[in-house]
Amino acid sequence: MTQQLTPPTTGTRTSLWRSRDFLLLWSGQTVSEVGTRISGVAVPLLAAGVLDATVFQVSLLTVLAWLPYLFFSLPAGMLADRVDQRRLMIVCDLGRAALLLSVPVVALAGHLTLPFLYAVVGLSGVLTVAFTVAYRSVLPALVPADGLTSANARLEVSENLAALAGPSAGGVLVGLLGAARTFVADAASFLASAVTLLLMRHRPAPRAAGRVPVRAALTEGLGFIRRQRILALVLACTATSNFFVMATRSIEVPYLLRVLHASPATIGLLFSLGSVGGLLAGVLAGRVTALLGGARTIWVSMAVPGPLYLLMPLARPGWGALLYAVGTAAFAANAVLFNVAAMSYRQRVTPARLLGRVNAAFLWICYGAIPLGALVGGALGTRLGLRPALLVCVLGMWSAALFVVCSPLRRMRDFATT
């Protein structure tokens, strides 16, 4: 059964600000993103500071947070295409809130252990996968096709604002409340998200499961991508970029500490300055896409900022460390513009009945590259040294542009309306 809701067809800006459901989704996700960034600080601090975890044990928390994307993305896509996506998101929000609230409760009882924290992070990761697939699939039903770019840009701005404010807020809360009690803030953010979803008027009828076998349903999204050359090239570009981005991130803190001799406060400032590029790109994404066209934005956003990435390994101690911030700001701008254009394209060309599985296939491959990239980055840093390894990583990030530059996108301005 197809979607029962027909999005409005008025002008993009007016329709978005008058779309009650989109505004609820946007506000809920903004709060939720901030909460997630807060727990991103609280989890490792709780493990290292309270549970005396080793460096390797702390790193396992990151692995457990990302590992569900490898194992559960495709099943989550099949589920999202068969059920009410709004209800699925609400269940995931409530489940994550309950899991996070269990941490301070168990800590208060004096029974908090590292295996328990691993279980909370791993199960939360599974629910996050299901939520993310549904979240990326429900948007086309809430806004008109010509409003997808602006809607995705607003959501990207929220993520970048959360990246800017969340870690600082997390540090303050951990100092005031302690690491375990800080989990209450993240749980509250998921509850707020669930409330906004409950208030939405969007009520699609569940899609019929049909007679497609489970195995075929799991791989149908991948099959659709293989038949869509541009979509397949965008997927290859994204996965390659993610791989080298995580390779870079796995060595950037040691690089800043040991090579640039930056203090922790300076490192935090450099990261904050770098996120400004993403914020500006999110604000201007609609205008940039209108000026260049959606198809052209995909490859231009990947190719043009690339030379600035080289400033990261060229940075020097002292004021020269600002070069690193310029490089990260260039990448943040690239990532936002690319994600907005590519996501909008994917949402427009994919049939509604397949969107969950196609989004899941993207998550499976793109996020599956993340732990591998982190391992390679660490190995390169050990074998080559931090500065040469960083140079290899940023060149790899830029090389991802070849998939979309050497594609039909280079001869297109925009995508045909489907």
Side-chain angles (χ1 to χ4, degrees), residues 29-30 33 36-37 40 66 69 132 135-136 148-164 166-167 233-250 252 270-289 292 294-312 324-347 359 362-363 365-370 373-374 377 390 393-405 409:
Q29 287 315 292
T30 300
E33 281 290 334
T36 298
R37 302 289 179 168
W66 289 104
Y69 285 98
T132 303
Y135 163 58
R136 294 188 176 187
L148 285 173
T149 297
S150 294
N152 282 312
R154 284 164 170 76
L155 293 169
E156 286 282 343
V157 167
S158 293
E159 289 189 19
N160 280 274
L161 282 172
L164 184 64
L233 290 169
V234 168
L235 173 58
C237 174
T238 309
T240 303
S241 179
N242 281 0
F243 179 90
F244 284 106
V245 167
M246 288 309 297
T248 300
R249 289 181 178 173
S250 69
E252 65 181 354
L270 292 175
F271 288 163
S272 295
L273 290 174
S275 66
V276 171
L279 287 174
L280 292 176
V283 171
L284 299 174
R287 296 180 183 179
V288 171
T289 303
L292 298 178
R296 192 177 294 161
T297 298
I298 289 179
W299 70 264
V300 168
S301 65
M302 287 299 297
V304 171
L308 293 176
Y309 304 164
L310 298 175
L311 296 176
M312 297 162 70
Y324 194 90
V326 175
T328 55
F331 175 76
N334 143 248
V336 170
L337 290 174
F338 175 82
N339 287 341
V340 168
M343 175 67 72
S344 300
Y345 170 68
R346 187 160 87 234
Q347 291 166 338
N359 284 329
F362 264 77
L363 291 177
I365 295 174
C366 295
Y367 285 13
I370 286 176
L390 188 60
C393 292
V394 298
L395 288 173
M397 287 161 52
W398 193 14
S399 73
L402 292 173
F403 287 103
V404 287
V405 171
L409 290 169

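- Taken from CG in L292 to CD1 in I298, the straight-line distance is 11.5 Å, to the nearest 0.5 Å.
- Between A400 and C237 the shortest heavy-atom distance is O-SG, 3.3 Å.
- Atoms CG and CG, on L233 and L402 in that order, are 11.5 Å from each other to the nearest 0.5 Å.
- Distance CG/L311 to CZ/F331: 15.0 Å, rounded to 0.5 Å.
- Closest heavy-atom contact between T240 and G396: CG2-O, 4.3 Å.
- F338 CZ to T238 OG1: the interatomic distance, rounded to the nearest 0.5 Å, is 3.5 Å.
- When all heavy atoms of P307 and W398 are compared, the pair lying nearest together is CD-CZ2, 3.5 Å.
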Verify side-chain contact (heavy atoms from CB on, under 4.5 Å) between L390 and Y324, making sure each step is shown before the conclusion. CA-CA 11 Å; L390 188 60; Y324 194 90; 3.9 Å; yes
Go through the steps to decide whether T289 and L337 satisfy the test side-chain contact (heavy atoms from CB on, under 4.5 Å), and finish with yes or no. CA-CA 8 Å; T289 303; L337 290 174; 5.5 Å; no
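- With sequence neighbours left out, the ring-ring contact (aromatic ring centres under 6.0 Å, His included) criterion links F243 to no other residue.
- Residue S399 holds its OG atom at 8.5 Å from CE of M302, rounded to the nearest 0.5 Å.
- L363 is linked by a side-chain contact (heavy atoms from CB on, under 4.5 Å) to Y69, S73, T132, V133, R136, Y367, counting only residues two or more places apart in sequence or in another chain.
- In this structure, A330 and Y309 approach most closely via the heavy-atom pair C-CE2, 4.0 Å.
- With contacts defined as side-chain heavy-atom distances shorter than 4.5 Å, the pair L395/L310 qualifies.
- The shortest side-chain heavy-atom distance between N334 and M397 does not fall under the 4.5 Å cut-off.
- The two atoms that bring A332 and G274 nearest to each other are CB-O, 3.6 Å, heavy atoms only.
- Looking at every heavy atom in both residues, A239 comes nearest to C366 through N-SG, 3.9 Å.
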